[in-house]
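To start, the structure itself, in structure tokens.
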There are 2 protein chains.
Amino acid sequence: MKIDKSLMTGSTTMLILRLLENTDMYGYQMIEELEKRSQNIFTLKAGTLYPLLHTLEQQNMIESYDTKADSARPRKYYRLTKDGRKMLEEKKTEWQAYTTAVNQVLGGHSYVRA
Amino acid sequence: MKIDKSLMTGSTTMLILRLLENTDMYGYQMIEELEKRSQNIFTLKAGTLYPLLHTLEQQNMIESYDTKADSARPRKYYRLTKDGRKMLEEKKTEWQAYTTAVNQVLGGHSYVRA
DNA sequence: TGACTATATATCGATCATCTATATATAATG
DNA sequence: CATTATATATAGATGATCGATATATAGTCA
């Protein structure tokens with residue numbers, strides 16, 4: 001099922017931070033991981049992700065380190081900072097409030113107000 | 001609780017169509033109704049709504065009629081068309097798929113893949 | 001070997017949804 | 001009579017995401 005990409009707006013940052021909650025990851029890996037975990041619903045584009053990672057790093061939410069990589073190709077790993085964890089918790093709370101509100105409107109009995 | 005307005009993106013159209021599912025409404029009323037039903041989470045701005053209504057009307061999803069209004073102030077009521085109902089159903093399905101996917105990523109056990 | 005595909009990161013300009021600000025007009029309030 | 005609430009409308013700004021493009025290396029297959 002194809003979902004309107006505009007729905008994605010606003011939750012991308014939360015999802016990226018969530019991926020980093022338990023494991024450090026590099027950009028390309030995040031794209032694949034998101035796809036897998038969402039059953040191909042989210043196909044985050046490289047052109048979206050990399051600038052976003054740079055912004056989050058500037059904001060001190062994540063920090064990067066390069067693999068020495070004698071053999072492997074160069075990868076830039078990201079790790080969640082303390083601030084990033086805090087931001088993630090906030091975004092999760094927001095997400096809860098938002099979906100609750102939408103579902104309330106969707107499910108609400110259409111009480112036609114007099 | 002203030003939620004990031006960018007989360008709103010993509011669901012606004014669905015919410016508007018949902019409001020019209022059971023009752024015809026005019027623009028200003030939709031703003032108030034959305035606020036009420038969402039417990040003040042959604043404060044849709046007039047500058048967002050009116051252009052959106054015009055677009056939806058052009059797309060034949062809704063149609064408008066004016067109140068004769070001998071007394072009351074002029075209001076432009078909107079009614080959901082057949083196409084609009086279909087669109088609403090599609091948007092609901094999309095919404096389901098989207099939130100399911102996000103929650104899956106959020107809740108997913110962080111299986112660190114080898 | 002050579003061509004092609006997958007991996008990996010990066011940036012620029014375009015697109016699209018929403019917001020802010022502004023405008024207009026009438027009804028209700030004090 | 002001034003102010004606020006109701007009601008619709010549009011123009012320009014902002015911000016998130018995408019498409020296109022670039023670069024470089026590793027793996028695959030003929």
Side-chain angles (χ1 to χ4, degrees), chain A residues 2-17 24-36 38 41-59 62 64-78 91 94-95 98 102 113, chain B residues 2-17 24-36 41-59 62 64-78 91 94 98 102 113:
Chain A
K2 270 281 150 280
I3 66 155
D4 184 350
K5 62 194 171 197
S6 72
L7 272 174
M8 206 45 193
T9 305
S11 58
T12 305
T13 298
M14 174 181 69
L15 295 175
I16 294 307
L17 295 178
D24 294 359
M25 283 193 191
Y26 55 95
Y28 196 85
Q29 186 184 7
M30 295 179 199
I31 292 174
E32 292 186 310
E33 199 57 29
L34 250 191
E35 242 173 271
K36 189 162 73 178
S38 72
I41 295 283
F42 299 138
T43 51
L44 186 57
K45 296 311 179 300
T48 305
L49 179 61
Y50 291 110
L52 176 56
L53 289 175
H54 302 158
T55 303
L56 286 172
E57 187 166 27
Q58 273 172 33
Q59 295 174 337
I62 58 180
S64 63
Y65 55 95
D66 291 296
T67 37
K68 309 293 172 297
D70 314 292
S71 53
R73 72 182 61 235
R75 286 167 176 168
K76 206 166 172 181
Y77 276 87
Y78 289 93
K91 296 247 168 226
E94 262 185 55
W95 169 255
Y98 168 64
V102 171
R113 21 174 339 283
Chain B
K2 271 281 149 273
I3 67 154
D4 184 351
K5 62 195 171 196
S6 72
L7 272 173
M8 212 34 200
T9 306
S11 59
T12 306
T13 299
M14 174 181 70
L15 294 175
I16 294 307
L17 295 177
D24 295 358
M25 283 193 192
Y26 56 95
Y28 196 86
Q29 187 184 6
M30 296 178 199
I31 292 172
E32 291 186 311
E33 198 58 29
L34 250 191
E35 241 172 273
K36 190 162 71 179
I41 295 283
F42 301 138
T43 50
L44 187 58
K45 297 310 181 302
T48 305
L49 180 62
Y50 291 110
L52 176 56
L53 289 175
H54 302 157
T55 303
L56 286 171
E57 187 165 28
Q58 272 171 34
Q59 296 173 338
I62 58 179
S64 64
Y65 56 94
D66 291 297
T67 37
K68 309 293 172 295
D70 315 292
S71 52
R73 70 181 63 236
R75 287 168 176 167
K76 206 166 173 179
Y77 275 87
Y78 289 92
K91 295 246 168 226
E94 261 184 55
Y98 167 64
V102 170
R113 24 171 339 280

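Only this structure's heavy atoms are used, side chains among them; waters, hydrogens and symmetry mates stay out. Naming: A, B, ... by sequence-line order, numbering from 1 per chain.
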| query | So which nucleotide from dC19(C), dC18(D), dA7(D) ends up closest to the side chain of L44(B)? | reply | dC19(C)
| Quick one: is K76(A) getting a side-chain N or O under 4.0 Å of the dA10(C) phosphate, OP1 or OP2? | yes
| Of all the nucleotides listed (dT18(C), dA10(C), dT7(C)), which has the minimum atom distance to the side chain of Y78(A)? | dA10(C)
| Relative to the ring of Y77(B), is the ring of Y26(B) parallel (under 30°), tilted (30 to 60°) or perpendicular (over 60°)? | perpendicular
| query | If you pin D4(B) and G47(A) to their nearest nucleotides in DNA chain D, which one's is more 5'? | reply | D4(B)
| field | Contact under 4.0 Å: S6(B) side-chain N or O vs dG15(D) OP1/OP2 | value | no
| said: Categorize T9(A) for me: base, sugar-phosphate, or nothing, with a 4.0 angstrom heavy-atom threshold over every strand shown. | reply: sugar-phosphate
| note | Assert: residue with more 5' nearest nucleotide on DNA chain C, out of T48(A) and K5(B), is T48(A)
| remark: So CD1 of I16(B) and CG of L56(B): to nearest 0.5 Å the spacing works out to 8.0 Å
| field | For atom CG of L52(B) and atom P of dC19(C), their distance in whole Å | value | 11 Å
| task | Just compare dT11(C), dT9(C), dT18(C) and give me whichever is closest to any side-chain atom of T12(B). | result | dT18(C)
| field | Plane angle bin for W95(A) and Y98(B) - parallel if under 30°, tilted between 30 and 60°, otherwise perpendicular | value | perpendicular
| Taking only side-chain nitrogens and oxygens of Y50(B), does any of them come within less than 4.0 Å of OP1 or OP2 of dT8(D)? | yes
| task | Would you indicate which nucleotide in dT7(C), dT9(C), dT8(D) comes nearest to any side-chain atom of E32(A)? | result | dT7(C)
| said: Within the 4.0 Å heavy-atom criterion, would you say G27(B) contacts the bases, only the backbone, or no part of the nucleic acid? | reply: sugar-phosphate
